[in-house]
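Reminder, nothing fancy here: chain letters follow the sequence lines and each chain counts from 1.
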Protein chains: 2
Amino acid sequence: MERNTQQRRAILAALEVTKRPLSVQEILDIASSDCPGLGIATVYRNVKALLQDEKLSPVELPGGSVLYELPGHHHHHHFSCRKCQKVYDIFDCGLNLHNLVPSGFKLEEHEILLSGVCEACAH
Amino acid sequence: MERNTQQRRAILAALEVTKRPLSVQEILDIASSDCPGLGIATVYRNVKALLQDEKLSPVELPGGSVLYELPGHHHHHHFSCRKCQKVYDIFDCGLNLHNLVPSGFKLEEHEILLSGVCEACAH
DNA sequence: ATACTAATGATAATAGCTTCTCATTATCAA
DNA sequence: TTGATAATGAGAAGCTATTATCATTAGTAT
């Protein structure tokens with residue numbers, strides 16, 4: 001059976017309170033204030049379990065880092081700050097790219113990654 | 001001084017012939033037919049040097065893999081095949097996303113990554 | 001052709017991140 | 001409460017990608 005531990009509650013609380021995608025290390029740092037002594041292995045274990053239960057969504061960034069956020073949002077994009085490395089959710093999606101970022105944010109670059117099946121593999 | 005070795009020629013030839021972004025491992029595999037015995041360390045060394053000389057451009061994918069392609073193209077996007085994992089260049093960019101992919105290709109997903117400076121860091 | 005030395009190939013070492021191990025702790029059904 | 005055991009923390013181990021080491025090879029100026 002699955003136990004409702006202090007550690008798991010602190011991890012979920014960190015994600016709920018922060019409202020943006022977090023790395024494993026960020027989850028550890030934030031949840032540690034609720035739960036002193038929290039170990040990195042426990043964060044990894046819980047993140048893995050939460051992903052399998054679909055209580056957490058991965059956000060994969062170019063460069064290799066993976067962040068996690070609570071699911072339930074509909075389609076949205078992400079804004080990555082060049083200076084602080086934080087990643088913010090962007091909900092509006094009219095594809096006028098400059099309108100996507102919140103006021104005060106400066107959009108400098110964007111990347112579009114398309115995926116699907118290429119011609120050679122379509123058969 | 002910089003020497004024009006058989007290995008470097010084979011590495012550049014692999015990128016010229018293939019006309020799509022390649023991973024270090026793919027470069028090794030393809031260039032090995034021109035240059036049997038080619039070592040992975042040599043590919044890393046040459047890729048690093050070519051990047052510094054801006055004779056090669058990195059293509060960073062969500063999930064962490066980094067591919068390399070010859071520069072000189074103007075702004076373009078990439079199409080990643082779900083089945084064969086190959087990445088193709090997409091040159092047309094009208095932002096009608098379905099028009100971006102070549103005929104015969106099936107567009108299933110796209111990701112947009114915006115980046116810049118967030119409000120908190122703008123000051 | 002020769003000498004100098006940059007570049008190479010094989011492999012050891014490193015780095016960063018993630019998972020495993022295991023003794024201990026804490027949750028929860030009864 | 002208590003007993004069974006899932007979950008934890010600490011650190012070892014594993015993994016993957018990249019870089020360093022070093023004896024040997026090969027490009028280049030002469």
Between the protein and nucleotides 14-21 of chain C, list the N/O to N/O atom pairs that are separated by less than 3.5 angstrom.
| from | atom 1 | to | atom 2 | distance (Å) |
| --- | --- | --- | --- | --- |
| C/dT18 | OP2 | A/Tyr44 | OH | 2.2 |
| C/dT18 | O5' | A/Tyr44 | OH | 3.4 |

Atom pair distance, as rounded to whole Å: CZ in A/Arg8 and P in C/dT25 = 22 Å
Interatomic distance, A/Gln7 CD vs D/dT8 P [rounded to whole Å] = 5 Å
When rounded to the nearest 0.5 Å, the distance separating CG of B/Leu38 from CD1 of B/Ile30 is 11.5 Å
For A/Glu2 and C/dA26, give me the distance from atom CD to atom C1', rounded to whole Å.
-> 16 Å
Measure the OH-CD1 distance between A/Tyr44 and A/Ile11 for me, rounded to the nearest 0.5 Å.
-> 12.0 Å
A/Asn4 CG to C/dA26 C1', straight-line distance once rounded to whole Å | 12 Å
B/Asn46 CG to D/dT19 C1', in whole Å, measures 14 Å
Atom-to-atom span, CZ of A/Arg3 to P of D/dA4 - whole angstrom | 13 Å
B/Lys48 side, atom NZ; B/Tyr68 side, atom OH - distance, nearest 0.5 Å | 10.5 Å
Rounded to the nearest Å, what distance is computed from the CD atom of residue B/Gln25 to the P atom of nucleotide D/dA17?
-> 9 Å
Taking only the side-chain nitrogens and oxygens of B/Thr5, find out if one of them lies under 4.0 Å from OP1 or OP2 of C/dT8.
-> yes
Roughly how far, to the nearest 0.5 Å, is the CD atom of A/Gln6 from the OG1 atom of A/Thr42?
-> 11.0 Å
For A/Thr18 and A/Ala14, which heavy atoms make the closest approach, and how far apart are they?
-> OG1-O, 2.6 Å
With nearest nucleotides of DNA chain D determined for B/Gln6 and A/Leu38 from heavy-atom distances, which residue corresponds to the more 5′ nucleotide?
-> A/Leu38
Rounded to the nearest Å, what distance is computed from the CG atom of residue A/Leu28 to the P atom of nucleotide D/dG9?
-> 9 Å
Hey, is the main chain of A/Asn4 close enough, under 3.5 Å, to the side chain of A/Arg9 for a donor-acceptor pair?
-> yes
